[in-house]
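Worksheet: the structure to be examined is printed underneath.
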Amino acid sequence: MNSRQPPYIPITVFTGFLGAGKTSVILSLLPLLPKDYKVVLLKNEFGDVQVDSQLAKQSSLTAVSEILNGCMCCVLVGQMETALREIRDRYRPDRIIIECSGSAFPATLAFQIRELERQTNNNLRLDAIVTVIDAENFTGYEDTSPTAKMQASYSDIILINKHEHVDEHALDILIDNLNTLNLDTPKIKCNGRNGVDPNVLFGIDSKLFRDPIPQGFEDYHDEVKTLTAYRGFLPKCHDHEHHDRESCTSHTEVDVDKGVLESALASLSKESVWRVKGFIRLDSAIWILNWAFGRYDLTLSKGDESFMQDASIRLTIMGDKYELNRKPIPVAVKKFCADLQVQVI
């Protein structure tokens, strides 16, 4: 890859449903880039627990910028434009990578970047929209998620991730489904933890969404509900909606038993809960938890841990908004919270 800086800053947008592995794919690209190639990541995360951003900061990225508690493709559009301009002016990177939240519809975001191209005289330019697909679970959630279908339909490249967890027959069915949604877009299998060659993803010069956003354009982004699960000391209990005084009592902040954690995660229903991520205290250290559709990873946190000083668990639970909005909350979620002794705030 040519590390000479182009006259403009290319922007690569990564989309994909919750738990598809977008962050892992992005981080796997970095060791394959030239040493002097500067990449800044702009991330959009659900909730206020900056899990993926913490992982990214432990990498060789030049910088990580975060937009939290909302969807960058709709309500936070203004923040995205401001963030992109600030990244350009402060770092002048060789490339900006935008990692959307799992419910982001890429078309709306791409239209905004196209508008920014015009405003900056092509100084910032959309290079490609890359959609990451979870081979193990896509066939299940595409039936219930318009966003998942749209992400696959409007893309320059489709990356098939986690295909090692399915057999050839299931992979053939997946590719048939993807071809039905988007026949012409290249579909590339990720090479496990090694991801994919950046030369395949960079330098696409996308032709998508060059025309202004049409009137009556429909955006399916509001499918995901988030809950924050916390175990620790809450000094400002009156700021939260607790059902009783007992919920404000501080737990003794000791390590979480790993067996209890595994049992609690195993009890979650993939129908209502799609992703759990956050920080958890294990073995006298803070670990980053990433759970998606029945599989999870634990990564030792190497960053600032002051936000966990009075806590042993800080998690964001993401799932179907209709299920998680139910009163009372689904039994599986209630059991998960009870097993870990967390409160939903």
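Atoms considered below: every heavy atom in the structure, side chains included; atoms not considered: hydrogens, waters and symmetry mates.
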Is there a side-chain contact between [X] and [Y], using heavy atoms and a 4.5 Å cut-off?
X	Y	result
Leu282	Leu298	yes
Ile98	Phe14	no
Val276	Thr316	no
Met80	Gln112	yes
Met308	Arg281	yes
Leu61	Val40	no
Arg85	Ile87	no
Leu41	Val39	no

- Query: What residues form a side-chain contact (heavy atoms from CB on, under 4.5 Å) with Lys207, not counting sequence neighbours?
  - Reply: Asp205, Arg210
- Message: Check this for me: does any side-chain nitrogen of one of Lys162 and Glu136 sit under 4.0 Å from a carboxylate oxygen of the other?
- Response: no
- Would you call Asp283 and Lys258 a salt bridge, taking side-chain N to carboxylate O under 4.0 Å as the test? no
- Query: Quick one: which of Val132, Thr131, Val130 gives a side chain to side chain contact (heavy atoms under 4.5 Å, CB included) with Thr15?
  - Reply: Thr131
Please report the interatomic distance [atom1]([X]) to [atom2]([Y]), rounded to the nearest 0.5 Å.
X	Y	atom1	atom2	answer
Ile157	Ile204	CD1	CD1	4.0 Å
Leu315	Arg275	CG	CZ	11.5 Å
Leu18	Asp320	CG	CG	11.0 Å
Phe17	Asp134	CZ	CG	10.5 Å
Asn325	Leu227	CG	CG	8.0 Å
Thr62	Ile96	OG1	CD1	11.0 Å

Exercise: identify the closest heavy-atom pair between [X] and [Y]:
X	Y	result
Ile9	Pro93	CG1-O, 3.7 Å
Tyr154	Ile129	O-CG2, 3.8 Å
Tyr8	Arg92	CA-NH2, 4.3 Å
Ala128	Leu201	CB-O, 4.0 Å
Gly16	Lys22	O-NZ, 2.9 Å
Cys190	His163	O-NE2, 2.6 Å

- Query: Would Thr120 and Arg88 satisfy side-chain contact (heavy atoms from CB on, under 4.5 Å), going step by step from the backbone distance to the final call?
  - Reply: CA-CA 11 Å; Thr120 64; Arg88 177 197 61 182; 3.7 Å; yes
Looking only at atom types and distance, does a side-chain atom of [X] sit under 3.5 Å from a main-chain N or O of [Y], one as donor and one as acceptor?
X	Y	result
Asn161	Ile133	no
Ser301	Ile288	no
Asp94	Lys38	yes
Gln341	Arg231	no

- Item | CA sep, side-chain torsions, deciding dist, call: Val273, Val333, side-chain contact (heavy atoms from CB on, under 4.5 Å) | CA-CA 8 Å; Val273 178; Val333 178; 3.6 Å; yes
- Message: Less than 3.5 Å apart, any donor N or O on the side chain of Asn179 or Lys187 sitting next to an acceptor on the other?
- Response: yes
- Query: Will you find, in the side chains of Thr185 and Asn182, an N or O donor that is under 3.5 Å from an N or O acceptor?
  - Reply: yes
- Message: Please determine whether the number of non-hydrogen atoms from other residues, nucleotides or ligands lying under 6.0 Å from atom CZ of Arg90 exceeds 12.
- Response: no
- Task: Please report the C-alpha distance between Thr23 and Glu99 in whole Å, then the side-chain angles of each, then the deciding distance to 0.1 Å, and finally whether the side-chain contact (heavy atoms from CB on, under 4.5 Å) criterion is met.
- Result: CA-CA 8 Å; Thr23 303; Glu99 182 183 344; 2.7 Å; yes
For residues 260-269, which side-chain donor-acceptor pairs fall under 3.5 Å, sequence neighbours excluded?
{"unit_1": "Glu262", "atom_1": "OE2", "unit_2": "Tyr296", "atom_2": "OH", "d": "2.9"}
{"unit_1": "Ser267", "atom_1": "OG", "unit_2": "Ala264", "atom_2": "O", "d": "2.6"}
{"unit_1": "Ser269", "atom_1": "OG", "unit_2": "Glu271", "atom_2": "N", "d": "3.2"}

- Query: Pairs in or reaching into residues 335-345: which pass salt bridge (charged side-chain N to carboxylate O under 4.0 Å, His left out), with residues at least two apart or in two chains?
  - Reply: Lys335-Asp339
- Item | Trace of the side chain to side chain donor-acceptor pair (under 3.5 Å) decision for Asp197 with Asn199 | CA-CA 5 Å; Asp197 185 345; Asn199 288 296; 3.1 Å; yes
- Query: What about Trp291 and Leu300, same hydrophobic cluster or not, with Ile/Leu/Val/Met/Phe/Trp/Tyr joined at side-chain heavy-atom distances under 4.5 Å?
  - Reply: yes
- Message: Taking Val200 as the starting point, is it possible to reach Ile97 by hopping between hydrophobic residues whose side chains are less than 4.5 Å apart?
- Response: yes
- Item | Check against side chain to side chain donor-acceptor pair (under 3.5 Å), Ser28 and Asn194 | CA-CA 6 Å; Ser28 72; Asn194 295 323; over 6 Å; no
- Message: Is the terminal nitrogen or CZ of Arg314 (NZ for Lys, CZ for Arg) located under 6.0 angstrom from the six-membered ring centre of Phe279 and within 45° of that ring's axis?
- Response: no
- Go through Phe336 and Ile317 one step at a time and tell me if the side-chain contact (heavy atoms from CB on, under 4.5 Å) criterion holds. CA-CA 11 Å; Phe336 173 80; Ile317 301 170; 3.9 Å; yes
- Task: List the steps and the verdict of side chain to side chain donor-acceptor pair (under 3.5 Å) for Arg114 and Gln119.
- Result: CA-CA 9 Å; Arg114 290 299 190 195; Gln119 293 174 7; over 6 Å; no
